[in-house]
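To keep things clear, I will list the structure first and then write my remarks on it.
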Amino acid sequence: MSDEAQAAPTLPLAETLTVEFKSDRKRLPDDELVESLVCMANTDGGELWLGVEDDGTPTGLHQAHQNLFGLPGLVAARTSPSLAVRVEPVELAGVRVARITVPKSSGEVATTAGVYLRRRIKQDGTPECVALLPHERSSRASRFGLVDVSAQAVAGATLADFDPLERERLRQTVRQYGGDRVLLELDDEAMDGALGFTTRDEAGQRVPTLTGLLLIGRETALRDKVPTHEFAFQVLAREAVAFNEFRRFPLLKALDWLETNFRPYNPEREIQVGLFRVPVPKVDMGAFREAVANALVHRDYHRLSAVHVRLDDDGLTISNPGGLVEGVTLDNLLITEPRPRNRTLADAMKRVGIVERSGRGVDTIYRGMLRFGRPEPDYSRTDSNSVVLQLETASADEVFLKLVVEQEGRQGGAPLPIDSLIALAALREHKRLSAEGLASHIQRDAVRARRTLERLVEAGLVEAHGNVRSRSYTLSADMYRAKGEQVAYTRQAGFSSLQHEQLVLGHVRHHGRIQRSEAMELCRLSGDQAQKLLKRLTADGRLVKQGEKRWTFYTLGDSECA
């Protein structure tokens with residue numbers, strides 16, 4: 001089979017955000033074709049199938065488009081900056097169509113007529129092209145890290161819009177949360193410059209930036225000049241609304257207000273671990289503070305929508321407008337380098353001490369959940385329009401917490417590495433894991449996952465089973481014993497060689513025969529381990545091998561029949 005035949009693309013079943021069908025029976029106008037390609041480039045890229053009807057029926061190319069050689073040049077000449085597309089002919093249902101692959105553009109692409117378009121999904125689930133408005137162009141640029149709106153001057157704002165009380169709150173916050181104490185030695189103007197609160201206008205005058213207004217601006221100024229800034233705290237109990245308020249406070253006051261109003265709904269008790277009493281809250285306050293601060297700092301300030309903090313019967317949900325920035329996905333959230341949407345604002349909040357100085361605030365959120373034996377933070381509802389974080393308020397696993405605290409005590413008080421904590425939580429949930437199985441949880445390769453597991457084996461928290469090729473891991477016997485689940489440990493740790501033999505022989509007595517695959521499932525062994533077990537029983541005369549290769553099975557030997 002030729003390379004061309006092997007690589008022949010398959011026609012998608014329907015139009016999506018990244019798939020477009022265009023009929024060419026009446027010759028699709030060049031302007032409409034170019035606009036459709038610009039529309040896709042300004043969204044997520046994708047592929048346009050020319051010569052295919054909206055319902056997915058191939059009808060072929062118009063005579064004018066049979067020669068596809070010049071199509072990429074036409075597109076490049078009619079777009080700014082020039083859009084490079086790839087065009088390939090495809091034979092479908094006896095007709096010739098064209099598949100045009102469109103790359104996702106990091107900057108905005110327009111037609112040479114000045115038309116900016118983007119792609120979106122309508123209510124009925126079908127895609128359409130709409131105008132890419134100026135504020136959407138700015139929002140897209142900030143998502144790609146091309147501009148930092150938080151460093152830009154706010155139209156109409158003056159230094160009088162700064163609130164002296166909020167400036168004092170900032171200084172107190174630096175002291176309380178261990179921020180950069182150099183800031184405390186600066187006067188107001190020097191502090192504004194150091195934190196990016198002001199910039200110079202065309203006349204050389206200092207004017208507030210978005211960061212400055214968000215941190216130390218007056219509430220009236222925020223309401224008038226930053227209308228997109230808003231947050232809400234809602235408490236729903238059995239669908240009844242217990243608390244529902246929207247505010248436009250500057251960020252430091254906002255965090256204080258949210259934490260103050262959240263505490264009555266976050267009961268806390270203490271457990272004894274050795275000589276220490278360890279608090280066990282409904283929601284870890286460190287995780288709460290970091291999650292809320294992240295939502296306020298990394299939201300898209302071009303979008304007219306609020307940050308929502310909602311507590312209900314299922315848990316705590318924190319959402320902010322604006323999806324993940326380019327380069328950050330749900331599959332690399334734990335390991336990617338920090339890519340703040342609003343760099344100046346994020347840096348100011350770090351220096352003040354509100355958010356994680358290393359930019360790894362997501363680790364703090366994970367630690368605040370997993371340390372108490374609760375499920376991992378759930379970002380699965382995140383999409384291109386918003387980041388949604390769900391934290392379950394399930395009861396803490398106190399035995400698990402004690403074991404973690406004790407291990408940290410043996411390490412001189414140093415917290416467990418986040419990979420180790422995720423590994424213990426995954427083993428607690430799934431009972432048994434391989435290095436490959438853990439790799440997806442910690443978002444790293446199997447080598448790193450195995451290294452993490454082996455360190456836990458050395459610490460006595462995890463036990464390894466099997467040889468190198470088929471090695472799997474469970475929580476240690478001590479951890480199961482502490483939870484009063486000795487039987488569960490025996491079940492997960494597996495059986496002794498003698499027990500494996502009895503299981504296999506018992507199966508053959510009841511069913512007359514056994515195959516290797518059945519022995520693997522019955523004894524939870526790898527293929528090689530099951531083969532060695534059956535070979536040993538055959539050599540002892542307790543089983544008799546029947547058949548060859550894939551049809552091999554085993555029956556009872558004479559010694560067992562007797």
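Only this structure's heavy atoms are used, side chains among them; waters, hydrogens and symmetry mates stay out. When a residue number appears, it is its place in the shown sequence, counting from 1.
Residues satisfying the ring pair (Phe, Tyr, Trp, His ring centres under 6.0 Å) test with Phe233, not counting sequence neighbours, are Phe243. With sequence neighbours left out, Glu15 forms a side-chain contact (heavy atoms from CB on, under 4.5 Å) with Glu20, Phe21, Asp54, Pro127. For Arg339, the salt bridge (charged side-chain N to carboxylate O under 4.0 Å, His left out) test picks out no residue, with sequence neighbours left out. With sequence neighbours excluded, the residues satisfying side-chain contact (heavy atoms from CB on, under 4.5 Å) with Ile271 are Val273, Val278, Val280, Glu398, Leu401, Lys402. Partners of Gln443 under the side-chain contact (heavy atoms from CB on, under 4.5 Å) rule, at least two apart in sequence or in another chain, are Leu333, Leu334, Ile335. Residues that satisfy the side-chain contact (heavy atoms from CB on, under 4.5 Å) test with Thr344, not counting sequence neighbours, are Asp148, Ser150, Ala151, Thr211. Looking at residues two or more places apart in sequence or on another chain, you find no ring pair (Phe, Tyr, Trp, His ring centres under 6.0 Å) involving Tyr116. Take Phe372 and apply the ring pair (Phe, Tyr, Trp, His ring centres under 6.0 Å) test, not counting sequence neighbours, and it matches no residue. With sequence neighbours excluded, no residue satisfies ring pair (Phe, Tyr, Trp, His ring centres under 6.0 Å) with Phe197.
In this structure the side chain of Ser138 never reaches within 4.5 angstrom of the side chain of Val147, judged on heavy atoms. When side chains are defined from C-beta on, Glu376 does not count as touching Glu429, because their heavy atoms never get closer than 4.5 Å. Side-chain contact check for Phe288 versus Leu391: every heavy-atom pair is 4.5 Å or farther apart. Proximity of Arg119 to Glu128: side-chain heavy atoms (C-beta onward) are nowhere separated by under 4.5 Å. Side-chain contact between Leu170 and Met191 is present, with heavy atoms from C-beta onward closer than 4.5 Å. At least one side-chain heavy atom of His441 sits less than 4.5 Å from a side-chain heavy atom of His430.
Side-chain contact of Thr329 with Asp331: a donor-acceptor pair under 3.5 Å is absent, judged by distance alone. One side chain, Ser23 or Glu53, offers a donor N or O that lies under 3.5 Å from an acceptor on the other.
Arg374 contributes no side-chain N or O that, together with a main-chain N or O of Val283, makes up a donor-acceptor pair within less than 3.5 Å. Side-chain atoms of Ser105 do not come within 3.5 Å of backbone N or O of Glu108 as any donor-acceptor pair. Formation of a donor-acceptor pair under 3.5 Å by the Arg118 side chain with backbone atoms of Leu133 is not found in this model. For the pair Arg120 (side chain) and Thr43 (backbone), a donor-acceptor distance under 3.5 Å is absent. The main-chain N or O of Thr79 is never found under 3.5 Å from a side-chain atom of Thr111 such that the two would form a donor-acceptor pair. With Asn342 contributing its side chain and Leu345 its backbone, the two residues share no donor-acceptor pair below 3.5 Å. No donor-acceptor pair under 3.5 Å is formed between the side chain of Arg381 and the backbone N or O of Ser319. In this structure a side-chain-to-backbone donor-acceptor pair under 3.5 Å is present from His229 to Phe249. Within the 3.5 Å criterion, the main-chain N or O of Ser142 finds no donor-acceptor partner in the side chain of Arg341. Remark: side-chain polar atoms of Asn42 are paired, donor with acceptor, to backbone N or O of Leu117 under 3.5 angstrom.
A distance of 11.5 Å separates CG of Leu214 from CD of Glu166, quoted to the nearest 0.5 Å. Atom OG1 of Thr158 and atom CG of Asp201 lie 11.5 Å apart (nearest 0.5 Å). Going from atom CD1 of Ile442 over to atom CZ of Arg448 covers 6.5 Å, rounded to the nearest 0.5 Å. Note that the CG atom of Leu252 and the CD atom of Glu168 stand 12.0 Å from one another [nearest 0.5 Å]. Separating the OG1 atom in Thr317 from the CG atom in Leu311 is a distance of 8.5 Å, to the nearest 0.5 Å.
Summarising the local packing, NZ of Lys26 is surrounded by 12 or fewer heavy atoms from other residues, nucleotides or ligands at distances under 6.0 Å. Other residues, nucleotides and ligands contribute more than 12 heavy atoms inside 6.0 Å of the CZ atom of Arg27. Annotation for Glu202: atom CD does not count as buried by contact number, only 12 or fewer foreign heavy atoms lying within 6.0 Å.
Comment: Glu47 engages Arg99 in a salt bridge, judged by a side-chain N to carboxylate O separation of less than 4.0 angstrom. The existence of a salt bridge linking Arg223 and Glu219 is confirmed by a sub-4.0 Å separation between a basic side-chain nitrogen and an acidic carboxylate oxygen. Of the charged side-chain nitrogens involved, none lies within less than 4.0 Å of a carboxylate oxygen, so that Asp161 and Arg218 do not count as a salt-bridged pair. Using a cut-off of 4.0 Å between Lys/Arg side-chain N and Asp/Glu carboxylate O, Arg371 and Asp284 are scored as not salt-bridged.
Every pair passing ring pair (Phe, Tyr, Trp, His ring centres under 6.0 Å) that includes a residue from residues 305-356 is listed here, sequence neighbours excluded: Phe246-His308. Applying the disulfide (SG to SG under 2.5 Å) rule to pairs touching residues 309-342 yields nothing, sequence neighbours excluded.
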Run the side chain to side chain contact (heavy atoms under 4.5 Å, CB included) test on Val309 and Phe262 for me, step by step, so that the C-alpha distance in whole Å, both residues' side-chain angles and the decisive distance to 0.1 Å come before the verdict.
CA-CA 10 Å; Val309 180; Phe262 179 67; 5.8 Å; no
Lys282 vs Glu268, side chain to side chain contact (heavy atoms under 4.5 Å, CB included): CA-CA, chis, key distance, verdict
CA-CA 6 Å; Lys282 186 176 184 179; Glu268 181 180 289; over 6 Å; no
Before you tell me yes or no, could you show the steps for Gln152 and Leu210 under side chain to side chain contact (heavy atoms under 4.5 Å, CB included), namely the whole-Å CA-CA distance, both residues' side-chain angles and the distance that decides it to 0.1 Å?
CA-CA 6 Å; Gln152 297 176 355; Leu210 177 60; over 6 Å; no
Atom pairs and distances, side-chain donor-acceptor, residues 31-39, under 3.5 Å, sequence neighbours left out:
unit_1, atom_1, unit_2, atom_2, d
Asp31, OD1, Arg78, NH1, 3.0
Glu32, OE2, Lys22, NZ, 3.3
Ser36, OG, Glu32, O, 3.0

